[in-house]
Structures are given as structure tokens and as C-alpha cells.
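Report on the following structure.
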Amino acid sequence: TRSTRPQRMLKAVQKNAIRGNPESVISAIDYFCKHSEWAMNVGDEKGCILDSVVTEVDPSTVLELGTYCGYSTVRIARLLSPGTKFITVEFNPASAEVARKIIAYAGLQDKVTLVEGASGDLIPQIKKLYGITTFDFIFLDHWKDRYLPDIKLFEEYGLLRKGSVLLADNVICPGTPEYLEYVRNSPRYESRYYPSHLEYTKVEDGLEKSLFLG
Ligand SMILES: Cc1ncnc2c1ncn2[C@@H]1O[C@H](/C=C/CNC(=O)c2cc(-c3ccc(F)cc3)cc(O)c2O)C[C@H]1O
Ligand SMILES: [Mg+2]
């Protein structure tokens, strides 16, 4: 049967990247998406903003929602200090399988715990399952209508602390209007928009960074 786009992306990584070299894995995926097939990775332009926020926060605990093929997982994991706890959540088994291989190809498998499942099921169990009390940094890049319910779960289960940083992809395209309205109007967050473009295109998009105030 025909391969899937994630499988073709993995092949491109295995063909064009250097094993154990995260930068080459990132470049190979960006090249594939620019010259072969568009895919919904955060991409190089928004990826640089992601890099700068991760570097600024220098988190000890990280959560990513929506692993997909592991592109942003590799971008984040390559910047983390040793001993950082990094959990990424993906509910599509085929995507998770490709992501595991791409993360391993980059040599970052020991820095990442990839959990297969739906974020709404996992978030209430994170403390019990992974011994994490709060997250310093959260990257939201899963179904756009899940951003708001999941941030409310973070609050309900006490997974945020004063200073926790949430970074949300696609707040313009495809758009996450309810989430934006919430973080921009809630007195518990200080939000800032980072203008950019939809990955590999000239279409407007951007990232919203929200600081939890406690
Ligand atoms: C609730 C939940 N739990 C765990 N994993 C979840 C989940 N919801 C999605 N996921 C997983 O994340 C991935 C999905 C992410 C959703 N991202 C998107 O739908 C998405 C879509 C576009 C886009 C923009 C313009 C266009 F014309 C077309 C597409 C761009 C992006 O950067 C995106 O992240 C894969 C999925 O299995
Ligand atoms: Mg995205």
C-alpha cells in the first residue's frame, strides 16, 4: 500500500540527515517540506522563535502537545539542559512511530518521553505517572480546538506555577480564537504575540507566548 507523508518524511531524514546530528535532521525535514511535500511542522521561521523562547526559559520540565513527526520535539530537545524532563503527547500511533524514529535518528531519544494518547486523558495523570508537579514550558501544537480545554486542565490539575510559559502555534492560521481570547483577557496570564508565517509559506501566522502569573 502507498506510504504516508510521515513515512516519506522519515525516509528523507534517513537519506539526507546525519545520524546523531539534530541540526541535519531539522534541515532535512525543512528541505523535504519546501521541495517535496508540505507538512504541518512548525517549520524554520516559527522554529527560530520557538528556539529563542526555549533558550530564554531554560526549562527543567517541558510538555509538548501534538508530536506529529517529531520536528518540534527535536528542535526543543536539542536545546535542553541534561536532566530536563520532556514529555511529548501524540495520539496517532502511526505518527508516534515515525516520531520515535526521527527523534532517535537525531540521537535525542534519551531526552524525550513520547506518550501515545489523547492530551485530555493524559494531563490529569501526569503527576501520578511521571512525578512532575509543574511544567516550566508547554508547547501547544495539536488540534486547535483542544488548546483551550487543555489549558483549563493545566489550571485544574495544578500543572502551572508562577512563571510557567505556554507557547501556542497557529494562533492565526488555522487559528485558535477561543484560546487567544482566553489567554489575552484572563488576569492570570500575560500574553504576547510573535508574528511570523505559516510554515514554508508566505501566509500570516504566529505564536502566542503566555506567562502564567499564578
Ligand atoms: C488531543 C490530542 N492529543 C494528542 N495528540 C493530538 C491531539 N490532537 C492532535 N494530536 C496530534 O497532533 C498532530 C496534529 C496537529 C494539528 N495541527 C494542525 O492541524 C495544523 C494545521 C496547519 C495547517 C495550516 C493551513 C492549512 F491550509 C492546513 C493545515 C498548520 C499547523 O502548524 C498545524 O499544527 C497529529 C495528531 O495526531
Ligand atoms: Mg502547528
Side-chain angles (χ1 to χ4, degrees), residues 4-10 26 29-30 32-34 36-51 53-54 62-77 86-103 112-126 129-130 135 137-157 159 166-180 182-183 193-210:
T4 65
R5 182 166 304 181
Q7 285 168 332
R8 294 192 291 274
M9 189 188 297
L10 171 60
I26 293 164
I29 293 173
D30 286 333
F32 174 81
C33 292
K34 285 173 186 171
S36 301
E37 303 181 58
W38 186 93
M40 60 182 176
N41 312 119
V42 73
D44 48 348
E45 190 178 310
K46 288 185 290 180
C48 283
I49 300 168
L50 170 62
D51 289 356
V53 174
V54 171
V62 178
L63 176 66
E64 173 182 58
L65 302 180
T67 317
Y68 185 42
C69 296
Y71 174 87
S72 49
T73 319
V74 168
R75 287 201 80 109
I76 295 167
F86 181 9
I87 294 174
T88 184
V89 185
E90 173 55 55
F91 72 31
N92 180 316
S95 293
E97 174 68 15
V98 166
R100 286 187 202 288
K101 289 174 177 167
I102 287 179
I103 293 161
V112 181
T113 301
L114 194 162
V115 182
E116 278 188 51
S119 56
D121 298 337
L122 180 87
I123 290 166
Q125 304 181 70
I126 281 180
L129 294 175
Y130 300 99
F135 284 105
F137 179 73
I138 297 173
F139 182 53
L140 299 96
D141 193 20
H142 55 334
W143 290 156
K144 308 315 162 195
D145 61 4
R146 284 301 313 177
Y147 285 26
L148 184 56
D150 285 350
I151 194 171
K152 292 193 171 170
L153 284 176
F154 296 139
E155 292 177 15
E156 186 186 340
Y157 287 89
L159 287 164
L166 295 96
L167 189 66
D169 189 25
N170 310 118
V171 297
I172 304 298
C173 177
T176 62
E178 301 87 3
Y179 174 82
L180 269 193
Y182 181 75
V183 290
Y193 175 62
Y194 290 78
S196 183
H197 297 92
L198 177 67
E199 48 266 28
Y200 317 115
T201 77
K202 292 184 170 51
V203 173
E204 187 187 347
D205 189 20
L207 301 168
E208 186 82 359
K209 182 175 90 168
S210 303

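Numbering of ligands and ligand atoms starts at 1, following listing order.
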Q | Heavy-atom closest pair, residues Cys69 and Asn41 | A | CB-ND2, 4.5 Å
Q. How does Asp205 reach ligand 1, if at all, at less than 4.0 Å between non-hydrogen atoms: by side chain, backbone, both, or neither?
A. neither
Q.
If you compare all heavy atoms of Tyr147 against all heavy atoms of Ala168, which two are closest, and at what distance to 0.1 Å?
A. CE2-CB, 3.7 Å
Q | side chain to side chain contact (heavy atoms under 4.5 Å, CB included) evaluation trace for Glu199 with Cys173 | A | CA-CA 10 Å; Glu199 48 266 28; Cys173 177; over 6 Å; no
Q) Quick one: does Leu63's side chain get under 4.5 Å of Tyr130's, heavy atoms only? A) no
Q) Should you measure from each heavy atom of Leu198, which atoms of ligand 1 turn up under 4.0 Å away? A) 24 (C), 25 (C), 30 (C)
Q. Would you call Glu116 and Arg100 a salt bridge, using N to O less than 4.0 angstrom?
A. yes
Q | Nearest heavy-atom neighbours spanning Val98 and Gln7 | A | CG2-N, 4.1 Å
Q) Heavy atom under 4.0 Å from ligand 1: found in Asp150's side chain, backbone, both, or neither? A) neither
Q) Any N/O/S atom of Met40 sitting less than 2.8 Å from the Mg ion (ligand 2), backbone or side chain? A) no
Q. Judged by non-hydrogen atoms, does Ala118 sit under 4.0 Å from ligand 1?
A. yes
Q) So is there a nitrogen or oxygen of Asn170 less than 3.5 Å from a nitrogen or oxygen in ligand 1? A) yes
Q.
Given Ala39, Pro174, Ser119, identify the one with the heavy atom nearest to atom 21 (C) of ligand 1.
A. Pro174
Q. Which N, O or S atom name in Asp169 marks its closest approach to the Mg ion (ligand 2)?
A. OD2
Q. For atom 28 (C) of ligand 1, what's the nearest protein heavy atom and its distance?
A. Trp38 CH2, 4.1 Å
Q: Specify the closest pair of heavy atoms between Pro195 and Ile49, including all atoms of both residues, with the distance to one decimal.
A: O-CD1, 4.1 Å
Q) Does any N, O or S atom of Glu199, backbone or side chain, fall under 2.8 Å from the Mg ion (ligand 2)? A) no
Q | Salt-bridge present (Lys202, Asp205; N to O < 4.0 Å) | A | no
Q. Counting both backbone and side chain atoms, is some N or O of Lys144 under 3.5 Å from an N or O of ligand 1?
A. yes
(Q) Checking a contact table here: which protein heavy atom is nearest atom 13 (C) of ligand 1, and how many Å away? (A) Glu90 OE1, 3.9 Å
Q. In the protein, what heavy atom is nearest to atom 30 (C) of ligand 1, and what distance, to one decimal place, separates them?
A. Glu199 OE2, 3.2 Å
Q. How is the N/O/S atom of Asp141 that comes nearest to the Mg ion (ligand 2) named?
A. OD1
Q. After noting the C-alpha distance and the side-chain angles of Met40 and Asp169, does the key distance pass the side chain to side chain contact (heavy atoms under 4.5 Å, CB included) rule?
A. CA-CA 11 Å; Met40 60 182 176; Asp169 189 25; over 6 Å; no
(Q) Please check whether Thr67 reaches ligand 1 - meaning an N/O of the residue sits under 3.5 Å from an N/O of the ligand, judged on distance alone. (A) no
Q: Pick one of side chain, backbone, both or neither for how Asp141 approaches ligand 1, counting any non-hydrogen atom pair under 4.0 Å.
A: both
Q: Compare every heavy atom of His142 with every heavy atom of Ser119, then report the nearest pair and how far apart it is.
A: OG-CD2, 3.6 Å
Q: Consider every N or O of Asp169 and every N or O of ligand 1, then say whether any pair is closer than 3.5 Å.
A: yes
**Q.** Selected option - heavy-atom contact closest to atom 4 (C) of ligand 1, from Gly66, Gly117, Ala96
**A.** Gly117
Q. Is there a side chain to side chain contact (heavy atoms under 4.5 Å, CB included) between Cys33 and Ile29 once you walk through the steps?
A. CA-CA 6 Å; Cys33 292; Ile29 293 173; 4.2 Å; yes
Q: Would you check whether Phe91 has a nitrogen or oxygen atom less than 3.5 angstrom from a nitrogen or oxygen atom of ligand 1?
A: yes
Q: Without swapping roles, check the side chain of Glu208 against the backbone of Val171 for a donor-acceptor pair under 3.5 Å.
A: no
Q: Please determine if Trp143 has a nitrogen or oxygen closer than 3.5 Å to a nitrogen or oxygen of ligand 1.
A: yes
Q. Is there a nitrogen or oxygen of Asn41 sitting under 3.5 Å from a nitrogen or oxygen of ligand 1?
A. no
Q. Which atoms from ligand 1 have a heavy atom of Asn92 less than 4.0 Å away?
A. 37 (O)
Q) Which heavy atom of Lys46 sits nearest a heavy atom of Asn170, and at what distance? A) NZ-ND2, 3.4 Å
Q. Should the proximity of His142 to ligand 1, defined as any heavy atom under 4.0 Å, be assigned to the side chain, the backbone, both, or neither?
A. both
Q | For Arg146, atoms of ligand 1 separated by under 4.0 Å from a heavy atom | A | 1 (C)
Q. Is there a protein heavy atom less than 4.0 Å away from atom 36 (C) of ligand 1?
A. yes
